[in-house]
Asks: 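Mind having a look at this structure? Questions to follow.
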Amino acid sequence: MKRKIAIGMIIVLMISLIPGYTLYGTETGTEESQTESEEDSKTQTESGNGQAAAALDIESPSALLMELNSGQVLYEKDADTARRPASVTKIMTMLLAFEAIDAGKFKLEDKITVSEHAAGMGGSQVYLEVGETQTVEDMLKCMIVSSANDAAVAMGEAIAGSETGFAAMMNEKAKELGMKNTHFENACGLEAEGHLMSARDIAILSRELLLRHPEVTKYTTIWMDTITHKTKKGETEFGLANTNKFLKKYEGANGLKTGYTSAAGFSMSATATRNGTTLIAVIMGSKTKDIRYSDAAKLLDYGFANCSIYKDNKVLDGKNQLSLQNGVKDKITVETRGDFNYVFIGNKTTDDITKELIMVKESAPVKKGEVVAKMEYSQAGTVLGSIEIIAAESVEEQKYHHALERLFQQYINIY
């Protein structure tokens, strides 16, 4: 009897493998556009930030407030106009420097030799001399703490071989991050035709740096430090003082970068953390540094007073496998791209939030890293956002020989 059952199973298998048939049913999952939580939430907030936001008296021509984890915009004013960023440019130089370290291009203790071009930078500087060497870490300190143009250019040259090559890398990264109103001509922010950024783009860039390289705050919070110049004239100590005086003016401030030229005015990306919430306040084109600091404080005060964070760090509720059709395996191991975060403004409650698993791809083949589903979050019928669920492994489509192998294994197990 068992032998007849096994033979019958083989016949069924042979029929099912005829073109037009599938072993486990018809493929129903299709690729569709994905929108992660930060994109969905931006639509919610940009439609209107409420009376409290409207009452903010922001003097600077461009401003934007963003919550770090969700990327949600809480306030904006002329945020997409491209303006001169001055030394706020160096946030991109910081990001590419940390990426180079992570990629193994160099270590913090490695030495960078100063070129004639880098030594010749004007504006804010630490007076590096041609042929002088400084460690990667000290170059970071000079650039981040003292906003040194010579150090920023030396860093860019060490990464890309030339400042021109580094500017190309900066623009490529800006494109990758979706910074639509940004173009770089140099590594430091000195005035150059066409060297522009928008407040929104600065926020996007600041968020990327903080999320990918939170260690940057180790440097942005240094108030005073020193480096040692080692040249043919001997060794001399040089003091570094943080150009970001906001660190001492606002509780919880931890970064990120200030900028000023006579043409650009006073700008900054101000970051602060309170009770586990980090906000990014971007100010551009202020007439004075006092207006810059005042506007940044107003934005941060508004954000900390009016936002509450909903966070789900158990998106999959401990379940890391989903069913899969037509694969050599019936289930596929999955993971999320991160936690789900959403910012509520005002007195809105975080209760009654529901989540629903929406399949995007249900059939093999699936490649590792491919989006297979998304978890969508809603409250009272309103979609708040979603988080992508990706394959943690690759699973091949089941072919004729795979099916035979499985069936014969079942046959052997019967006996």
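Source: prediction; values computed, not measured.
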Asks: Does the distance from a Lys or Arg side-chain N to an Asp or Glu carboxylate O, for D339 and K314, drop under 4.0 Å?
Replies: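 Judged by the 4.0 Å cut-off on N to carboxylate O distance, D339 and K314 do not form a salt bridge.
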Asks: Decide salt bridge (Lys or Arg N to Asp or Glu O under 4.0 Å) for D290 and K245; before the verdict, give the C-alpha distance in whole Å, the side-chain angles of both, and the deciding distance to 0.1 Å.
Replies: CA-CA 10 Å; D290 288 339; K245 308 308 178 188; over 6 Å; no
Asks: Return each pair, listed once, that meets side chain to side chain donor-acceptor pair (under 3.5 Å) where at least one residue sits in residues 143-154; pairs must be two or more places apart or across chains.
Replies: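 Output for this query lists S87-S147, K90-S147, K90-N149, S147-K257.
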Asks: Whether the E109 and T135 side chains hold a donor-acceptor pair (N or O, under 3.5 Å, no angle test) is what I'd like checked.
Replies: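 No, no side-chain donor-acceptor pair sits under 3.5 Å.
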Asks: Output, in order, the C-alpha distance, side-chain angles, deciding distance and verdict of side chain to side chain donor-acceptor pair (under 3.5 Å) for T382 and Q379.
Replies: CA-CA 5 Å; T382 299; Q379 185 184 51; over 6 Å; no
Asks: Please determine, by modelled atom types, if S60 and R292 share a side-chain donor-acceptor pair under 3.5 angstrom.
Replies: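 No.
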Asks: Could you go through K218 and E215, starting from their C-alpha distance and side-chain angles, then the distance that decides it, and tell me whether this counts as salt bridge (Lys or Arg N to Asp or Glu O under 4.0 Å)?
Replies: CA-CA 5 Å; K218 169 187 172 184; E215 67 272 20; over 6 Å; no
Asks: Distance alone, cut at 3.5 Å: any donor-acceptor contact between the side chains of E132 and T231?
Replies: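 No, T231 and E132 have no side-chain donor paired with an acceptor closer than 3.5 Å.
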Asks: Is the F184 ring parallel, tilted or perpendicular to the H195 ring (thresholds 30°, 60°)?
Replies: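 Answer is perpendicular, since the angle exceeds 60°.
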Asks: Mind checking whether F98 and H213 have parallel, tilted or perpendicular rings, split at 30° and 60°?
Replies: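 Because their plane-to-plane angle is under 30°, the rings of F98 and H213 count as parallel.
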Asks: Quick one, D201 with T182, criterion side chain to side chain donor-acceptor pair (under 3.5 Å). Give me CA distance, side-chain angles, the key distance, then yes/no.
Replies: CA-CA 7 Å; D201 288 351; T182 288; 2.8 Å; yes
Asks: Step through it carefully: locate the ring centre of Y342, locate the ring centre of Y310, and say whether they are under 6.0 Å apart.
Replies: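 Here the rings of Y310 and Y342 have centres that are no less than 6.0 Å from each other.
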Asks: Let's go through E388 and R337 carefully: what are the C-alpha distance in whole Å and the side-chain angles of both, what is the deciding distance for salt bridge (Lys or Arg N to Asp or Glu O under 4.0 Å) to 0.1 Å, and is it a yes or a no?
Replies: CA-CA 6 Å; E388 290 181 336; R337 290 201 186 277; 2.5 Å; yes
Asks: S206 and S269: side-chain donor and acceptor closer than 3.5 Å?
Replies: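 There is such a pair between these side chains.
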Asks: Using every non-hydrogen atom in the two residues, find where T221 and N242 come nearest and quote the distance to one decimal.
Replies: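 Scanning both residues, the minimum pair turns out to be C-ND2, 4.5 Å.
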Asks: Is it the case that the side chains of E191 and T261 hold a donor-acceptor pair, with the cut-off being a distance below 3.5 Å and no angle test?
Replies: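 Yes, E191 and T261 have a side-chain donor paired with an acceptor closer than 3.5 Å.
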Asks: Is the ring pair Y302/Y75 parallel, tilted or perpendicular, if the boundaries are 30 and 60 degrees?
Replies: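 Plane angle over 60°, so perpendicular.
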Asks: Test side chain to side chain donor-acceptor pair (under 3.5 Å) on E235 and H229 and set out the steps.
Replies: CA-CA 5 Å; E235 294 187 6; H229 283 300; over 6 Å; no
Asks: Just to verify, which of T336, N320, V360 counts as forming a side chain to side chain contact (heavy atoms under 4.5 Å, CB included) with I389?
Replies: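 Filter result, single survivor: T336.
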Asks: Do D80 and S198 meet the criterion of a side-chain donor-acceptor pair at a distance under 3.5 Å?
Replies: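 Side chains of D80 and S198: no pair found under 3.5 Å.
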Asks: If you measure only the distance, is there a donor-acceptor pair under 3.5 Å linking the side chains of N244 and T258?
Replies: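 Their side chains do not contain a donor-acceptor pair, so the 3.5 Å distance test is not met.
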Asks: Is there a side-chain contact (heavy atoms from CB on, under 4.5 Å) between M359 and L322 once you walk through the steps?
Replies: CA-CA 9 Å; M359 295 302 299; L322 295 177; 4.1 Å; yes
